[in-house]
A.B. asks: 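Have a look at this one.
Computed from a predicted structure; not experimentally measured.
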There are 2 protein chains.
Amino acid sequence: MTSHDNDAFKPIATVDLAIFSLSPAGLSVLLVRRANAPFSGDWALPGGWIHIDEDADLEAAARRVLKEKTGVETPYLEQLQTTGGRSRDPRGWSISIVYIALLSADDVADRQDGLAGEAEWRPIEGEGAGLSLAFDHAVLLKEALGRIRSKVEYSSLPGHLLPVHFTLSELQSVYETLLGRKLDKSAFRKRVAEADFLEPVEGEMRRASNRPAQMFRLKDAQSLALFDRRI
Amino acid sequence: MTSHDNDAFKPIATVDLAIFSLSPAGLSVLLVRRANAPFSGDWALPGGWIHIDEDADLEAAARRVLKEKTGVETPYLEQLQTTGGRSRDPRGWSISIVYIALLSADDVADRQDGLAGEAEWRPIEGEGAGLSLAFDHAVLLKEALGRIRSKVEYSSLPGHLLPVHFTLSELQSVYETLLGRKLDKSAFRKRVAEADFLEPVEGEMRRASNRPAQMFRLKDAQSLALFDRRI
DNA sequence: AAGCCTTAGTGTAAATCTTCAACTAAGTTA
DNA sequence: TAACTTAGTTGAAGATTTACACTAAGGCTT
């Protein structure tokens with residue numbers, strides 16, 4: 001770097017999280033109500049400043065914020081993008097490192113009574129474009145939704161919205177909800193087998209259906225398997 | 001954000017660029033020799049602090065650094081990821097927003113004589129893992145290479161390593177170089193037609209080959225077309 | 001000027017992949 | 001015990017992809 005670089009400043013830097021879960025009606029996103037200015041009282045994606053005293057790195061910061069807001073420690077977490085500029089925060093030039101986190105309905109249920117009006121799971125309607133949020137969080141949310149909808153078509157991402165153990169029918173249902181269309185059962189199972197991202201849970205069947213269904217879990221709870229061909 | 005957030009600090013923040021071009025031998029990456037500590041004298045990816053007085057946003061910062069180092073104003077630019085932590089820079093907790101830029105051989109040729117030992121195009125050998133660079137730039141470079149190698153399989157990314165006008169054979173050659181294998185000509189042309197990311201340059205044929213070849217250009221120099229099925 | 005050569009561009013049959021309807025299986029419910 | 005519902009599997013038909021072989025268009029050599 002040239003000596004000229006030394007007069008560059010340090011921007012405001014936060015991590016922000018688009019935290020999603022799935023209900024039968026579709027995706028919901030966790031929103032929090034801002035307590036402090038700017039945008040006091042407005043809904044926003046959860047986030048926070050990086051704590052240099054306790055955060056070893058960005059992912060640690062994201063996971064700390066995630067746990068604070070949801071109580072969940074190690075759900076699927078993916079960096080979406082970093083946005084930054086002089087116009088997004090009245091306090092000054094700011095950067096936001098944005099993550100996507102995926103929680104299961106079980107994760108959400110465990111936390112529901114702790115929200116008390118300062119946070120809520122907001123169902124996503126349509127493309128998710130109608131929301132008004134603090135900062136540029138509505139844009140970030142839209143980007144996150146685009147990423148999710150895209151990755152549903154070619155990866156195992158939907159598996160991360162299910163509890164640790166699930167049936168193939170439950171997984172297919174998640175894909176169908178996110179894709180917005182029905183999938184053929186045998187074609188779906190063929191594709192899942194080909195992508196090889198599940199393993200059966202030995203000896204565990206779910207008897208909720210009329211025929212007991214084999215339970216499965218993701219082989220890796222922190223990564224995605226990619227399909228050779230888009231659904 | 002809670003009041004607790006207010007004692008978070010502002011980290012060192014830079015943009016860093018993995019700038020690639022292609023020669024017949026394969027990819028090369030632009031490295032610069034650091035003039036100042038830390039890592040003075042070491043090779044690094046080009047980068048720099050964000051200039052709040054002139055950079056409206058992160059992409060503007062990245063493009064400013066890119067133009068400084070290469071003279072090229074609007075090549076393909078894609079945000080790779082943001083890395084950050086307390087251990088990557090001796091000066092303190094730091095963040096780097098990392099971009100990939102793709103230049104054509106023409107872009108590189110225009111600038112070759114300006115490098116004068118403080119910068120060089122370093123050919124990528126093998127997986128690109130053997131390099132020792134300042135900071136964690138070797139890791140970032142490896143991530144960037146992984147991204148490129150992945151996107152070659154399912155997108156129009158290789159088109160961005162060519163001059164504005166090129167032939168289908170030239171494009172195929174780029175794919176083959178990056179994939180490391182030969183492709184069937186008719187299958188390749190069929191796939192390219194299907195993906196619909198090129199347009200013929202009216203009336204322009206390249207006579208370098210024995211049969212004049214139709215010239216093409218990318219429909220959009222700043223985005224990628226994605227394939228339905230991996231190559 | 002003609003023939004040869006090399007590369008560009010295209011056609012199509014064979015091979016492969018995907019879809020999806022229909023079947024069998026395993027339980028629960030009535 | 002039969003009926004019903006869901007899980008799991010099979011295989012034929014249809015769709016897609018591959019890749020060889022062909023035609024075309026020029027430049028080069030004789």
Side-chain angles (χ1 to χ4, degrees), chain A residues 24 152-156 158-159 162-163 165-177 179-218 225-231, chain B residues 24 152-156 158-159 162-163 165-177 179-218 225-231:
Chain A
V152 169
E153 294 186 336
Y154 67 85
S155 82
S156 58
L162 285 166
H165 295 170
F166 51 85
T167 69
L168 285 179
S169 296
E170 287 163 352
L171 181 64
Q172 177 174 342
S173 178
V174 177
Y175 273 92
E176 290 175 336
T177 301
L179 288 167
R181 57 184 162 89
K182 292 294 275 180
L183 299 175
D184 177 83
K185 177 177 52 177
S186 76
F188 178 78
R189 284 163 185 254
K190 190 173 181 18
R191 180 185 290 274
V192 164
E194 173 69 22
D196 195 29
F197 60 92
L198 301 178
E199 59 193 10
V201 184
E202 294 305 320
E204 191 172 331
M205 311 285 284
R206 182 190 298 280
R207 287 178 161 65
S209 59
N210 287 61
R211 172 172 167 168
Q214 175 65 53
M215 303 297 290
F216 292 85
R217 69 176 157 232
L218 296 171
L226 303 180
F227 302 157
D228 288 336
R229 186 171 195 270
R230 200 184 296 184
I231 293 185
Chain B
V152 168
E153 293 186 335
Y154 67 85
S155 82
S156 57
L162 286 165
H165 295 168
F166 51 84
T167 68
L168 284 179
S169 296
E170 287 163 352
L171 180 64
Q172 177 175 341
S173 178
V174 178
Y175 273 90
E176 288 175 336
T177 300
L179 288 167
R181 57 183 162 87
K182 293 293 276 180
L183 299 173
D184 177 85
K185 176 177 53 177
S186 79
F188 177 77
R189 284 166 185 250
K190 190 169 180 20
R191 178 186 289 273
V192 165
E194 173 68 23
D196 194 29
F197 60 91
L198 301 179
E199 59 194 10
V201 184
E202 293 306 318
E204 192 172 330
M205 310 285 283
R206 183 191 296 279
R207 287 173 162 68
S209 62
N210 288 62
R211 173 170 165 169
Q214 174 66 52
M215 302 298 287
F216 289 86
R217 71 177 155 230
L218 295 170
L226 304 178
F227 302 158
D228 287 336
R229 185 171 194 270
R230 198 182 298 183
I231 291 184

A.B. asks: Check the distance between D:dT17's P and A:Asp228's CG and give it to me in whole angstrom.
C.D. replies: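 Taking CG of A:Asp228 and P of D:dT17, I get 13 Å after rounding.
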A.B. asks: Find the bend of the helix from C:dA1-D:dT30 to C:dA30-D:dT1 as the angle between its two terminal axes (five pairs each), to the nearest 10°.
C.D. replies: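 End axes: 10° apart.
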A.B. asks: Without decimals, in angstroms, what is the distance between A:Leu171 CG and D:dA7 C1'?
C.D. replies: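 To the nearest whole Å, that distance equals 15 Å.
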A.B. asks: Would you indicate whether the side-chain heavy atoms of A:Leu179 and A:Glu153 approach each other to under 4.5 Å?
C.D. replies: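 The answer is yes, as the side chains (C-beta and beyond) meet within the 4.5 Å cut-off.
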A.B. asks: With sequence neighbours excluded, tell me which residues meet side-chain contact (heavy atoms from CB on, under 4.5 Å) with B:Asn210.
C.D. replies: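 Result, side-chain contact (heavy atoms from CB on, under 4.5 Å) vs B:Asn210: none returned.
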A.B. asks: When the ring planes of B:Tyr175 and B:Phe227 are compared, do they come out parallel, tilted or perpendicular, using 30° and 60° as the limits?
C.D. replies: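 Parallel, since the angle between the ring planes stays under 30°.
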A.B. asks: Quick one, A:Glu202 and A:Pro200 - any side-chain contact, counting heavy atoms below 4.5 Å?
C.D. replies: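 The answer is yes, as the side chains (C-beta and beyond) meet within the 4.5 Å cut-off.
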A.B. asks: Could you tell me whether the side chain of A:Leu198 reaches within less than 4.5 Å of the side chain of A:Phe166, counting heavy atoms only?
C.D. replies: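 They are in side-chain contact.
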A.B. asks: Rounded to whole angstrom units, what separation is found between the CD atom of B:Glu204 and the P atom of D:dG26?
C.D. replies: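 Answer to the nearest Å: 15 Å.
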A.B. asks: Taking atom P of D:dC28 as reference, at what distance in whole Å does atom CZ of B:Arg207 sit?
C.D. replies: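 Whole-Å distance recorded here is 12 Å.
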A.B. asks: Decide yes or no for A:Arg191 and A:Leu183: does some side-chain heavy atom of the first lie under 4.5 Å from some side-chain heavy atom of the second?
C.D. replies: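 Not in contact.
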A.B. asks: Just how far, in rounded Å, is P of C:dT16 from CD of A:Glu194?
C.D. replies: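 After rounding, the reported distance stands at 15 Å.
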A.B. asks: Quickly work out the A:Gln172 CD to D:dT9 C1' distance and round it to whole Å.
C.D. replies: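 In whole Å, D:dT9 C1' lies 14 Å from A:Gln172 CD.
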A.B. asks: Listing time: all N or O pairs from protein to nucleotides 8-14 of chain C that are below 3.5 Å?
C.D. replies:
from: C:dA8; atom 1: OP1; to: B:Ser169; atom 2: OG; distance (Å): 2.8
from: C:dA8; atom 1: OP2; to: B:Ser169; atom 2: OG; distance (Å): 2.9
from: C:dA8; atom 1: N3; to: B:Arg211; atom 2: NH1; distance (Å): 2.9
from: C:dG9; atom 1: OP1; to: B:Gln214; atom 2: N; distance (Å): 2.7
from: C:dG9; atom 1: OP2; to: B:Arg189; atom 2: NH1; distance (Å): 3.1
from: C:dG9; atom 1: OP2; to: B:Arg189; atom 2: NH2; distance (Å): 3.3
from: C:dG9; atom 1: O5'; to: B:Arg189; atom 2: NH1; distance (Å): 3.4
from: C:dG9; atom 1: N7; to: B:Lys185; atom 2: NZ; distance (Å): 3.0
from: C:dG9; atom 1: O6; to: B:Lys185; atom 2: NZ; distance (Å): 3.1
from: C:dG11; atom 1: O6; to: B:Ser186; atom 2: OG; distance (Å): 3.0

A.B. asks: How many whole angstroms separate atom CZ of A:Arg229 from atom C1' of D:dA15?
C.D. replies: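 To the nearest whole Å, that distance equals 9 Å.
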A.B. asks: Nearest whole angstrom, please: distance from the C1' of C:dT18 to the CZ of A:Arg230.
C.D. replies: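 Between C1' of C:dT18 and CZ of A:Arg230: 16 Å.
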A.B. asks: Quick check on side-chain hydrogen bond (donor to acceptor under 3.5 Å, both in side chains): which of B:Glu170, B:His165, B:Gln214 does B:Arg206 satisfy it with?
C.D. replies: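 With B:Arg206 as partner, B:Glu170, B:His165, B:Gln214 yield a single side-chain hydrogen bond (donor to acceptor under 3.5 Å, both in side chains), made by B:Glu170.
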A.B. asks: B:Ser169 versus B:Arg189: any side-chain heavy-atom pair under 4.5 Å?
C.D. replies: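 Yes. Closest side-chain heavy atoms under 4.5 Å.
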A.B. asks: Are more than 12 heavy atoms from other residues, nucleotides or ligands located less than 6.0 Å from atom CD of B:Glu194?
C.D. replies: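 Atom CD in B:Glu194 is not packed in, count stays at 12 or less.
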